[in-house]
Amino acid sequence: RKAEIEAKRQGPYQLNDSLYVTNWLVLGYFPYPPDKAGLGIDFLQGVGAEPRHVPNDDVETATGAGGTARWRPYSSPGNEVDVFDVKHLNLGIDAAELHFVVYAACWLAADKDTECELRMSTLDDDWRMYRDHEPIGDYSPVRGPPDTNGPRVRLEKGLHLVLVKVAGTKLPPWAGHRGVFTFSLRVTDPSGGRPQGITVWN
């Protein structure tokens, strides 16, 4: 089973010129009640739960939005992923009136043991990151400016799963929907430069 999942991965891809991951698997969307914290609800409970889940397109999960969803690849044209541009999420304009969660995943391949910083950013949404099924922590954009949130990790030689969960909140009517629910992941060495020998799979 593991070999089948690994055989479906696409790559390797390079980090872009600005060191962002642009090749992802994306899953969603999952509405949640406005009086709840989106990060506190495990929407993958029925498919192994967040810490144990392995993204693959064979897994179908109920979204709570009246349908089901599967992991699908998405290539971002820029540094950020705008979830309203991810066609397979089937987000209508009315989705901007909802609180909802989106998951994204990739694998970082290291050709040798490498120290990296996983610099995750959102516009104004909370997020959680797992690295190799271990929760790294919950983050909020109020903790610092873009490109400063996220952990320093040691990637041993091999493939490493990065799973992120982003909890978006209802938008005011004047906000529109484009460019307001975005996320990005910039992978750097400890000095902020390009990490040597790191590629991306999805």
Could you tell me whether a side-chain N or O of [X] sits under 3.5 Å from a main-chain N or O of [Y], the two making a donor and an acceptor?
X      : Y      : answer
Ser18  : Tyr20  : no
Tyr32  : Gly168 : yes
Arg128 : Leu39  : yes
Asp132 : Leu161 : yes
Asp126 : Ala167 : no
Arg70  : Asp58  : yes

If we only count heavy atoms from C-beta on, is the Met120 to Phe183 side-chain gap below 4.5 Å?
-> yes
Is there a side-chain contact between Pro151 and Met129 (heavy atoms, below 4.5 Å)?
-> yes
Give the C-alpha distance, both sets of side-chain angles, the deciding distance and a yes or no for side chain to side chain contact (heavy atoms under 4.5 Å, CB included) between Asn56 and Leu25.
-> CA-CA 8 Å; Asn56 70 92; Leu25 292 176; over 6 Å; no
When rounded to the nearest 0.5 angstrom, what is the spacing between [atom1] in [X] and [atom2] in [Y]?
X      : Y      : atom1 : atom2 : answer
Arg119 : Ser184 : CZ    : OG    : 11.5 Å
Glu80  : Asp85  : CD    : CG    : 11.0 Å
Leu155 : Lys112 : CG    : NZ    : 12.5 Å
Leu118 : Thr188 : CG    : OG1   : 8.5 Å
Ile41  : Lys165 : CD1   : NZ    : 7.0 Å
His160 : Cys106 : NE2   : SG    : 12.0 Å

Taking atom types as modelled, find out whether His53 and Trp71 have a side-chain donor-acceptor pair closer than 3.5 angstrom.
-> yes
Would you indicate whether Glu156, at its atom CD, is surrounded by more than 12 heavy atoms from other residues, nucleotides or ligands within a distance under 6.0 Å?
-> no
Between Trp24 and Tyr74, does the ring centroid distance fall short of 6.0 Å?
-> no
Near-ring test Tyr29/Phe100, centroid separation under 6.0 angstrom = yes
Check the pair Glu117 / Asp189 against side chain to side chain contact (heavy atoms under 4.5 Å, CB included), numbers first and verdict last.
-> CA-CA 6 Å; Glu117 291 188 0; Asp189 66 17; over 6 Å; no
Minimum heavy-atom distance [X]-[Y], with the two atoms named:
X      : Y      : result
Leu19  : Gly192 : CD1-O, 3.8 Å
Trp107 : Pro55  : CH2-O, 3.6 Å
Phe30  : Ala62  : CE2-O, 3.4 Å

With Val187, the side-chain contact (heavy atoms from CB on, under 4.5 Å) member among Val21, Val162, Val200 = Val21
Can Asp125 and Phe181 be said to form a side chain to side chain contact (heavy atoms under 4.5 Å, CB included), step by step?
-> CA-CA 8 Å; Asp125 301 306; Phe181 190 165; 3.6 Å; yes
Side-chain ion pair, Asp113 and Arg154, N-O less than 4.0 Å | yes
Evaluate the criterion side chain to side chain contact (heavy atoms under 4.5 Å, CB included) for residue pair Val83 and Leu89; output intermediate values, then yes/no.
-> CA-CA 8 Å; Val83 300; Leu89 294 181; 4.2 Å; yes
Ring geometry between Phe43 and Tyr103 (parallel below 30°, tilted from 30 to 60°, perpendicular above 60°) = perpendicular
